[in-house]
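Worksheet: one structure, shown below.
Counting starts at 1 for both ligands and their atoms, in listed order.
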Amino acid sequence: MTDYKELLRLINRKIESTPIHGEPADLYDPVNYILSLGGKRLRPVLVLMAHEMFGGNPRTILDEALAIELFHNFTLVHDDIMDQAPLRRNQPTVHIKWDTNTAILAGDLMLVKAYEMLSSRPHEKLFEVMNLFSRTAAEVCEGQQWDMKYESQKKVSHEEYIRMISLKTAVLLGCSLKTGAIFAGAFTDEADLIYSYGKHIGIGFQLMDDILDVFGNRDQIGKQPGGDILANKKTYLLISSLQKAKGSDLDELKHWLGPGEHDPQKKVSAVRSIYERLDVRSEAEAEMYAYFLRADMEMDRIKLPEEKKVPLLELAAQLKVRIN
Ligand code: IPE
Ligand code: IPE
Ligand code: MG
Ligand code: MG
Ligand code: MG
């Protein structure tokens, strides 16, 4: 079985050897720029891991894995416009380095290229995979719309938050694993279980992303720390704080969430301090661990020799303690 490091090498080599060519350069350069900045390549690695787990050779579905990474990068470029994010993977975001219209089009192109690459050769399971991919892509849009809607909605529940992150983030991890599994000829019930596994670790993954946005190290996360606080994102941390805060903490929180010009640095450090006082980080972490645990229970139901599951279980264990 092949581990994350080796699969990462495979996918990175594939990306390096597959430049997206075309004119005008202003459209294609941002695509190659964002792809060249790296990242964890989590989703394509999940495609390859599930494929091998169910008996396939990961080297035979690099195109399909790359397609999913292209889709992911499309969502990042558009997400950074929506979130007004200046930094991604420690470099200027596409809409800052070029401009918003270019970032919209570069994102659109990556979405098209993702479809092209996923369907570039005939396969008896292609219809099933394309349906899954299209449904997932629509769900990501739904999740992103909830995410933005919640920025200005005062009351958001933990349940609504979990539904939102399931859509914007978790379904793509499920889709990546299920794609690898389907192409390897997994039975429907196994493919469904690996999808559910991916969705559960995906929810844990986004909970961690939200924690790192507040408490992570700027160089390690490669993004502007506190971006979620500045945008009034209804993260698990903020929802818990709004439920727990009393007296001056609640007044202060409402002040920072309210209208008017706030100094960005002051807002981030004030809200972070409130999170610390209310100890909401440990609540969010507990929720994250609970989702990883539920994922493990789904994995236990997959009837395969334990050694086949090792790379994926090791990767999930790393995600639980990641710092980037
Ligand atoms: C960022 O995804 C967007 C989320 C869904 C949290 P990653 O954290 O996987 O980003 P890269 O690809 O490693 O840069
Ligand atoms: C992003 O969520 C989800 C998608 C890109 C679909 P975030 O907005 O939290 O991702 P980051 O933190 O910018 O990577
Ligand atoms: Mg976002
Ligand atoms: Mg964002
Ligand atoms: Mg984030």
For the residue pair Arg43 / His72, report whether a side-chain donor-acceptor contact shorter than 3.5 Å exists. yes
Name, closest N/O/S atom of Asp209 to the Mg ion (ligand 5): OD2
With a 6.0 Å cut-off on ring centres, are [X] and [Y] close enough?
X      : Y      : answer
Tyr289 : Phe292 : no
Phe205 : Tyr291 : no
Phe54  : Phe187 : no

Are His51 and Thr60 close enough that some pair of their side-chain heavy atoms sits under 4.5 Å apart? yes
Would you kindly check if the NZ (Lys) or CZ (Arg) of Lys178 is within the cone defined by 45 degrees around the ring axis of Tyr195 and under 6.0 Å from the six-membered ring centre? yes
For the Mg ion (ligand 4), state how many protein N, O or S atoms fall inside a distance shorter than 2.8 Å. 2
